[in-house]
Amino acid sequence: MEQTSVNISLVSVREVDGATAINRRALRRLGRAPINVDMNIRVVPDIEHSMISLVVTCSYITVLGLIRTKVLSCSVVTTFEIEDLMTHISLQGEEVIIGGKLMMTMVSLAVGSLRGVIAVRTANTSLRYRPLPIIDLSALTYRLQKNHSASSIIPM
């Protein structure tokens, strides 16, 4: 895997059908309770077509009456086409290891897309007054690469 310039194109961004859910009952009880954000990123490589998709899921979780309660869950899929993909990744058995700069770029765009979907989906709820999650992309990318896993759950 070499670290060179990357020619990357955003092919598509879409919300995962049926993956967005707002717990209206929890929203009514939420009040000013703090909300934690959990994020899950799954990397889906398509090496034949020089494409990589990121499935990014975000969950808003709070504690209501001593019970951890999911208030919101939302997922998007962003698909990227990467010219000369094999020069930016390495294969270790079944695992695909993606270079840091490429991964950082893709995660930045995927998280930005997710934030847009969250803003639209929460526009008519009390969550519209809550700030969208601010993600430390450097820490996120580091954890993804350190884990070397195609699927990682990252508490934020």
Side-chain angles (χ1 to χ4, degrees), residues 1-24 26-27 35-62 69-125 127-128 130-156:
M1 172 172 43
E2 358 178 311
Q3 292 295 327
T4 60
S5 63
V6 178
N7 188 2
I8 184 171
S9 300
L10 179 62
V11 175
S12 68
V13 175
R14 66 178 177 81
E15 186 175 3
V16 176
D17 293 333
T20 299
I22 298 175
N23 183 339
R24 303 265 179 210
L27 274 182
I35 295 177
N36 294 313
V37 179
D38 285 343
M39 182 163 286
N40 178 336
I41 297 179
R42 188 165 47 110
V43 179
V44 183
D46 180 357
I47 296 172
E48 271 184 42
H49 297 101
S50 293
M51 295 183 153
I52 295 177
S53 295
L54 296 182
V55 181
V56 183
T57 302
C58 180
S59 298
Y60 283 33
I61 300 170
T62 191
T69 305
K70 191 179 291 186
V71 178
L72 167 75
S73 178
C74 186
S75 295
V76 297
V77 178
T78 52
T79 302
F80 303 91
E81 184 174 17
I82 297 104
E83 189 176 295
D84 300 323
L85 177 61
M86 292 307 293
T87 63
H88 302 287
I89 64 172
S90 67
L91 301 174
Q92 293 181 350
E94 294 291 314
E95 288 189 353
V96 175
I97 309 300
I98 301 170
K101 290 181 182 179
L102 176 58
M103 189 63 168
M104 180 74 93
T105 300
M106 292 189 307
V107 169
S108 296
L109 290 167
V111 169
S113 300
L114 178 67
R115 288 170 51 91
V117 171
I118 291 170
V120 168
R121 294 294 184 186
T122 61
N124 294 323
T125 71
L127 290 175
R128 72 181 177 271
R130 300 284 183 130
L132 294 171
I134 297 171
I135 309 300
D136 181 351
L137 294 176
S138 296
L140 179 65
T141 304
Y142 174 77
R143 289 184 213 165
L144 282 171
Q145 287 187 330
K146 184 177 177 183
N147 191 14
H148 292 297
S149 165
S151 179
S152 299
I153 297 176
I154 297 156
M156 300 310 253

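This structure is a prediction, so every number in the text was calculated from the model and none was measured. Sequence positions, counted from 1, serve as the residue numbers for this chain. The figures here come from the full heavy-atom set of this structure, side chains too, leaving out hydrogens, waters and symmetry mates.
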Atom [atom1] in [X], atom [atom2] in [Y]: separation rounded to 0.5 Å?
| X | Y | atom1 | atom2 | value |
| --- | --- | --- | --- | --- |
| Glu81 | Asp46 | CD | CG | 10.0 Å |
| His88 | Ser90 | NE2 | OG | 12.5 Å |
| Ile82 | Leu102 | CD1 | CG | 5.0 Å |

Minimal non-hydrogen separation, [X] against [Y], with atom names:
| X | Y | answer |
| --- | --- | --- |
| Leu54 | Ala110 | CD1-CB, 4.0 Å |
| Thr79 | Met51 | CG2-SD, 4.2 Å |
| Thr20 | Ser75 | OG1-N, 4.2 Å |
| Val111 | Met39 | CG2-SD, 4.1 Å |
| Asn40 | Arg42 | OD1-N, 4.0 Å |
| Val11 | Phe80 | CG2-C, 4.1 Å |

### Task
Would you please test Val96 and Val43 for side chain to side chain contact (heavy atoms under 4.5 Å, CB included) and show each step?
CA-CA 9 Å; Val96 175; Val43 179; over 6 Å; no
| said: Could you check whether any side-chain heavy atom of Ile8 comes within less than 4.5 Å of a side-chain heavy atom of Met106, counting everything from C-beta outward? | reply: yes
Contact between Leu109 and Thr78 at the side-chain level, heavy atoms closer than 4.5 Å - yes or no?
no
| request: For Asp38 and Ser59, indicate whether the former's side chain and the latter's backbone hold a donor-acceptor pair under 3.5 Å. | output: no
Open item on the list: If you apply the rule side chain to side chain contact (heavy atoms under 4.5 Å, CB included), what do you find for Ile47 with Leu91, and how did you get there?
Closed with: CA-CA 10 Å; Ile47 296 172; Leu91 301 174; 3.7 Å; yes
_One pair to check against side chain to side chain contact (heavy atoms under 4.5 Å, CB included): Glu15 and Val120. What are the steps and the verdict?_
CA-CA 11 Å; Glu15 186 175 3; Val120 168; over 6 Å; no
Would you check, one step at a time, whether the test side chain to side chain contact (heavy atoms under 4.5 Å, CB included) holds for Leu127 with Ile35? CA-CA 10 Å; Leu127 290 175; Ile35 295 177; 3.7 Å; yes
Exactly one of Thr122, Ile22, Ile118, Leu27 clears side-chain contact (heavy atoms from CB on, under 4.5 Å) with Tyr60, and that residue is Ile118
